[in-house]
J.: 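Mind looking over this structure? Questions follow.
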Amino acid sequence: MSAVRVRFAPSPTGYLHVGGARTALFNWLYARKVGGVFVLRIEDTDAERSSTEMVDGILDSLQWLGLNWDEGPFFQSQRKDLYLTAARKLQEKGFAYRCYCHPSELNELRLQAEKSGKPWKYDGRCTALSPQDHQRLDAEGRTFAVRFRVPQEGAVKFQDIVFGDVEFSHDQIEDFVLIRSDGLPTFHLSVVVDDIDMHISHVIRGADHLSNTPKHILLFQALDAPMPAFAHVPLILGPDRSRLSKRHGATAAGAYREMGILAEAMRNFLSLLGWSPGDNRELMRTPELIEAYSLEGISRSSAVFDLQKLEWFNSQYMQLLTAEELEPLAKEKFIQQGCWNPDWEGESRQWFLKTLELIKPRMRSLNDLTGASRAFFADDFPLDMAAKEKFWKDERLSELLSQLAGEIDGIDAFDATTAEQALRTFADKSGVKAGLLINAARVALTGQAVAPSLFAVMETLGKAKTVRRLQAAAQILTAPAS
RNA sequence: GGCGCUAUCGUCUAGGGGUUAGGACGUGAGAUUCUCAAUCUCAAAACCCGGGUUCGAUUCCCGGUAGCGCUACCA
């Protein structure tokens, strides 16, 4: 049995951020690589800012990304007793003490210190309070927080799997709060208690927690628990190298789903943000990613989120997936856009799959289905102005397209081959280049300048639609410019 | 301010005491012709600065600078 147990522990104070998604992915990849267990834990100890809607959103995004968890989700809000018990134990053993200072007065002190440029740290003024003092203050109705007693001398040293040897002097760490005066545990206590309780072997989390790690280590020691290994993952930045935020664009993992990004492309792209297999491989499908994954390959410097590269990965995956693999994703997208036709999974399924196959090479995202490729699935498709400008310039086109429609209509065994024959023969007869007709017809049939081979388009659309759209285009061209 | 971490093409990165410093995205040019946002080819593009160590640093050490993180009774 493998002893590796990792966890992803988001706090439901917002949607799943791409940084969080990447952290979840790294945990998941590692668990899958070594046959470990991936635990999901919701850190909702901040009751004020947490909500069940956010929990649902996070779970949904995780599921979309395919990052299935083996245990959980566990909710810290339901495990309060565990933390309280630990805090009591810590106090009994002298590792923690009651602090009756009021947050606002402490805040005042801190502000003052900041103003005078002095470093601020809680001075441990309540350390020396006796049980008698406690009784007296309790009688006065004062509330207290529980603080951890950080040793005066020495330092915390640990070895981070990605950052190597790290050392923090004790005097840099203040006596941090374990239990707030409202009786609720803080993040520091609950993470450590849970990581112990859930037998977490590797803590893989964002590098923003590197500076918190010494506090956690102190707690592990005080609680007499085995120490997990730590691997801190560098942060993801926006294009201006500041922490990725809304002003850089979409930060919610779910937003990429909306954009038509495939989950597997997202996984591949995210995996390479702060990790490398050590060779030149980049395009790696998920099984290969798992196979190649290692904590040692994580880099130490933060990475800029590059949307263009994500889009490139996505276009690659669009090609990699078969029409059958695409089918359910396409259905979801069509339904979402309100233009799903149930026939496509019934009598027209073969046509649907074939058409998917046809348009796939030019698709960069699932959204192209209802965007650039809309004309394949609906009759109300927009006419791209640039396409019109480019290929509908020739004055003869109105007449030519109308005649071409007639030629096409006259074909008995209509398919790509016979359509091509008809068009080329007609071009010769009319003394125009086939390209002129082909390009103009493409715009007529799809509304786009870019589309698959015209004759394949004709075949997929069928004779009737082809003729109808050719005639409609001729009409538009005849009508005075509007 | 204090503490910590980081620093290779615009971006993601490989590499490492002696290399033409490799790959990918993006960019530019060409090929292809039935369009290209497909495909192929080619090109431009990087070791933050200053000291040391060394025969030799981009690589090791120190300092600087910059960026980021932490510095809460947020997580």
Side-chain angles (χ1 to χ4, degrees), chain A residues 9-13 43-46 48-50 76 99 101-104 106-107 110 113-114 116-122 143-147 160 163-164 166-169 171-174 176-182 184-188 190-191 206-215 232 234-235 237 239-243 269 272-283 299-313 315 319 360-364 368 372 387 390-391 420 423 433-439 441-443 446 448-455:
Chain A
S11 74
T13 54
E43 310 221 320
D44 54 354
T45 50
D46 185 347
E48 294 285 304
R49 301 195 303 147
S50 300
Q76 290 192 326
C99 168
C101 297
H102 195 86
S104 65
L106 252 25
N107 208 32
R110 176 169 38 242
E114 251 167 48
S116 58
K118 295 219 172 64
W120 161 259
K121 199 179 81 169
Y122 174 70
T143 56
F144 62 87
V146 176
R147 284 181 185 272
D160 189 272
F163 286 97
V166 189
E167 181 175 343
F168 287 85
S169 170
D171 59 34
Q172 282 304 316
I173 310 167
E174 72 171 3
F176 54 98
V177 171
L178 262 20
I179 304 287
R180 302 184 182 98
S181 43
D182 62 4
L184 291 172
T186 61
F187 159 74
H188 299 301
S190 53
V191 220
D208 47 344
H209 286 301
L210 191 62
S211 309
N212 287 324
T213 306
K215 293 176 189 163
H232 286 92
L235 265 27
L237 310 178
D240 63 354
R241 305 208 72 88
S242 67
R243 197 176 188 161
F269 169 72
L272 260 16
L273 236 41
W275 173 80
S276 158
D279 50 36
N280 280 337
R281 284 180 296 168
E282 294 215 335
L283 192 70
S299 56
R300 284 164 296 279
S301 49
S302 33
V304 172
F305 187 90
D306 182 2
L307 180 61
Q308 285 188 310
K309 192 152 186 178
L310 203 211
E311 288 172 337
W312 176 80
F313 270 110
S315 65
Q319 312 320 313
K360 225 177 62 173
R362 260 152 283 255
M363 284 178 65
R364 291 182 63 82
D368 289 339
K390 191 171 176 188
F391 294 122
E420 176 159 14
L423 184 141
K433 293 211 313 201
L436 176 73
L437 296 178
I438 289 170
N439 290 327
R442 174 179 292 107
V443 178
T446 66
Q448 299 289 317
V450 175
S453 163
L454 178 70
F455 307 106

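Note on naming: letters A, B, ... go to the chains in the order of the sequence lines (proteins, then strands), and numbering restarts at 1 for each one. It should be emphasised that the depicted structure is a prediction, and the values quoted were computed from it without experimental measurement.
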J.: May I ask you to say what A:Leu272 touches in the nucleic acid, namely base, sugar-phosphate or nothing, with a heavy-atom cut-off under 4.0 Å?
T.: sugar-phosphate
J.: Classify A:Gln319 by what it touches in the nucleic acid, base, sugar-phosphate, or nothing, heavy-atom distance under 4.0 Å.
T.: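 No contact at all - A:Gln319 keeps every heavy atom at 4.0 Å or more from the nucleic acid.
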J.: Ignoring hydrogens and angles, answer whether the base of B:C36 and the side-chain atoms of A:Arg362 contain a donor-acceptor pair closer than 3.5 Å.
T.: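 Side chain to base: pair present.
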J.: B:A14 phosphate, OP1 or OP2: any side-chain N/O from A:Arg281 under 4.0 angstrom?
T.: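 A:Arg281 to B:A14 OP1/OP2: no side-chain N or O under 4.0 Å.
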J.: Answer yes or no: does a side-chain N or O of A:Arg147 lie under 4.0 Å from OP1 or OP2 of B:C73?
T.: yes
J.: Which is true for A:Gly274 with a 4.0 Å heavy-atom rule: it touches a base, it touches only sugar-phosphate, or it touches nothing?
T.: sugar-phosphate
J.: Ignoring backbone atoms, test whether A:Thr45 places a side-chain nitrogen or oxygen under 4.0 Å from the OP1 or OP2 oxygen of B:A75.
T.: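 Yes, A:Thr45 has a side-chain N/O under 4.0 Å of OP1/OP2 on B:A75.
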J.: Which nucleotide in the list B:U11, B:C5, B:C36 gets nearest to the side chain of A:Val450?
T.: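 Selected nucleotide (nearest to the side chain): B:C36.
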J.: Taking any heavy-atom pair under 4.0 Å as a contact, classify A:Val304: base, sugar-phosphate, or nothing.
T.: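 If one applies the 4.0 Å heavy-atom cut-off, A:Val304 turns out to touch the sugar-phosphate alone, with no base involved.
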J.: With both distances under 3.5 Å as the test, what is the Watson-Crick or G-U wobble partner of B:C9?
T.: none
J.: Heavy atoms under 4.0 Å, any strand shown: does A:Cys101 hit a base, just sugar-phosphate, or nothing?
T.: base
J.: With a cut-off of less than 4.0 Å, is there a side-chain N or O of A:Arg300 near OP1 or OP2 of B:U8?
T.: no
J.: Determine whether a donor-acceptor pair (one donor, one acceptor, N or O, separation below 3.5 Å) exists between the side chain of A:Asp208 and the base of B:A75.
T.: no
J.: Could you tell me which nucleotide pairs with B:G69 by Watson-Crick or G-U wobble geometry, both distances under 3.5 Å, or answer none if nothing does?
T.: B:C3
J.: Scan every strand shown for a Watson-Crick or G-U wobble partner of B:U33, both distances under 3.5 Å, and answer none if you come up empty.
T.: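 In the structure as shown, B:U33 has no Watson-Crick or wobble partner.
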J.: Is there a Watson-Crick or G-U wobble partner for B:G63 with both distances under 3.5 Å, and if so, which one is it?
T.: B:C49
J.: Could you walk me through whether A:Cys99 and A:Tyr122 pass the side-chain contact (heavy atoms from CB on, under 4.5 Å) check?
T.: CA-CA 11 Å; A:Cys99 168; A:Tyr122 174 70; 3.2 Å; yes
J.: Could you check which of B:C68, B:A14, B:C12 has an atom nearest any side-chain atom of A:Ala303?
T.: B:C12
J.: If you look at every heavy atom in A:Val191 and A:Gln76, which pair is closest and at what distance?
T.: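 Scanning both residues completely, I find the closest heavy atoms to be N-NE2, 4.0 Å.
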J.: Considering Watson-Crick and G-U wobble pairs with both distances under 3.5 Å, what does B:G18 pair with?
T.: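 The base-pairing partner of B:G18, which may sit in any strand shown, is B:C55.
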J.: When you get a sec, tell me which of B:A75, B:C73, B:U11 is the closest nucleotide to the side chain of A:His209?
T.: B:A75
J.: Between B:A24, B:U71, B:U13, which nucleotide has the shortest distance from any of its atoms to the side chain of A:Lys215?
T.: B:U71
J.: Give A:Pro234 one of three labels, base, sugar-phosphate or nothing, depending on what nucleic acid heavy atoms sit under 4.0 Å from its own.
T.: nothing
J.: Give A:Pro361 one of three labels, base, sugar-phosphate or nothing, depending on what nucleic acid heavy atoms sit under 4.0 Å from its own.
T.: sugar-phosphate
J.: With a non-hydrogen cut-off below 4.0 angstrom, is A:Ser190 in contact with a base, only sugar-phosphate, or nothing?
T.: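 The residue A:Ser190 makes no contact with any strand.
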J.: Show the nearest heavy-atom pair for residues A:Glu43 and A:Pro12, with the distance to one decimal.
T.: O-CD, 3.5 Å
J.: Phosphate oxygens OP1/OP2 of B:C36: is one of them under 4.0 Å from a side-chain N or O of A:Lys390?
T.: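 Yes, A:Lys390 has a side-chain N/O under 4.0 Å of OP1/OP2 on B:C36.
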J.: Looking at A:Ser211, I'd like to know whether one of its side-chain N or O atoms comes within less than 4.0 Å of OP1 or OP2 on B:C5.
T.: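 For B:C5, OP1/OP2 do not have a side-chain N/O of A:Ser211 under 4.0 Å.
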J.: Less than 3.5 Å between a donor and an acceptor, one on the side chain of A:Gln172 and one on the base of B:G2, is that the case here?
T.: no
J.: Determine the contact category for A:Ser453: base if any of its heavy atoms lies under 4.0 Å from a base atom, sugar-phosphate if only primed atoms, P, OP1 or OP2 are that close, otherwise nothing.
T.: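 Counting heavy atoms under 4.0 Å across all strands, the contact made by A:Ser453 includes a base.
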J.: Tell me whether the side-chain N/O atoms of A:Arg110 come closer than 4.0 Å to OP1 or OP2 in B:C73.
T.: yes
J.: For B:G28, which nucleotide is its Watson-Crick or G-U wobble mate, given both distances must be under 3.5 Å?
T.: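 Because both required distances fall under 3.5 Å, B:G28 counts as paired with B:C42.
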J.: What nucleotide, of B:A75, B:U13, B:C68, holds the atom closest to the side chain of A:Thr186?
T.: B:A75
J.: Verify side-chain contact (heavy atoms from CB on, under 4.5 Å) between A:Asp171 and A:Lys121, making sure each step is shown before the conclusion.
T.: CA-CA 9 Å; A:Asp171 59 34; A:Lys121 199 179 81 169; 4.2 Å; yes
J.: Taking A:Glu174 first and then A:Arg110, would you say they form a salt bridge - that is, a charged N and a carboxylate O separated by under 4.0 Å?
T.: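 No, no charged N to carboxylate O under 4.0 Å.
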